[in-house]
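Take a look at the structure below.
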Amino acid sequence: MKKLLLSSAVVAFTVTSAFAQTAVTSEYYVVRDATTKKCTIVDKKPTTTTTVVDNGVFKTRTEAETGMKRMKVCTEN
């Protein structure tokens with residue numbers, strides 16, 4: 001009985017740890033390159049050569065793609 005409880009606790013801890021790590025790393029940014037004037041989606045914080053467009057921080061890539069289509073600065077060119 002103790003083995004079952006211990007293994008259940010280990011499994012529960014592993015699952016919650018894995019979920020916490022994926023939740024933290026899943027941020028997508030809509031950025032605009034200063035030289036090319038094109039918008040792209042990146043999964044890391046923007047560099048100095050790009051700027052975050054509007055409020056271009058999203059939790060999923062699909063949300064970022066939808067948001068980028070609605071941003072005027074990204075659809076002008």
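For the numbers below, each heavy atom of this structure counts, side chains included, while hydrogens, waters and symmetry mates do not.
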What distance do Lys59 atom NZ and Glu27 atom CD have between them, rounded to the nearest 0.5 Å? 6.5 Å
Presence of salt bridge, Arg61 and Glu65, under 4.0 angstrom: yes
Over all heavy atoms of both residues, which pair between Met71 and Val53 is shortest? Give the atoms and the distance, please. SD-CG1, 3.5 Å
Show the nearest heavy-atom pair for residues Met68 and Cys74, with the distance to one decimal. O-CB, 3.6 Å
Find out if a path of hydrophobic residues (ILVMFWY) with successive side-chain heavy-atom gaps under 4.5 Å connects Ile41 to Val57. no
Looking only at heavy atoms, what is the nearest atom pair of Tyr29 and Lys44, with distance? CD1-O, 3.3 Å
From the list Asp33, Thr40, Val52, side-chain contact (heavy atoms from CB on, under 4.5 Å) partner of Pro46 resolves to Val52
Linking I/L/V/M/F/W/Y whenever any side-chain heavy atoms sit under 4.5 Å apart, do Val73 and Val31 land together? no
Looking only at heavy atoms, the pair that brings Tyr28 and Ala64 closest together is CB-CB, 4.0 Å
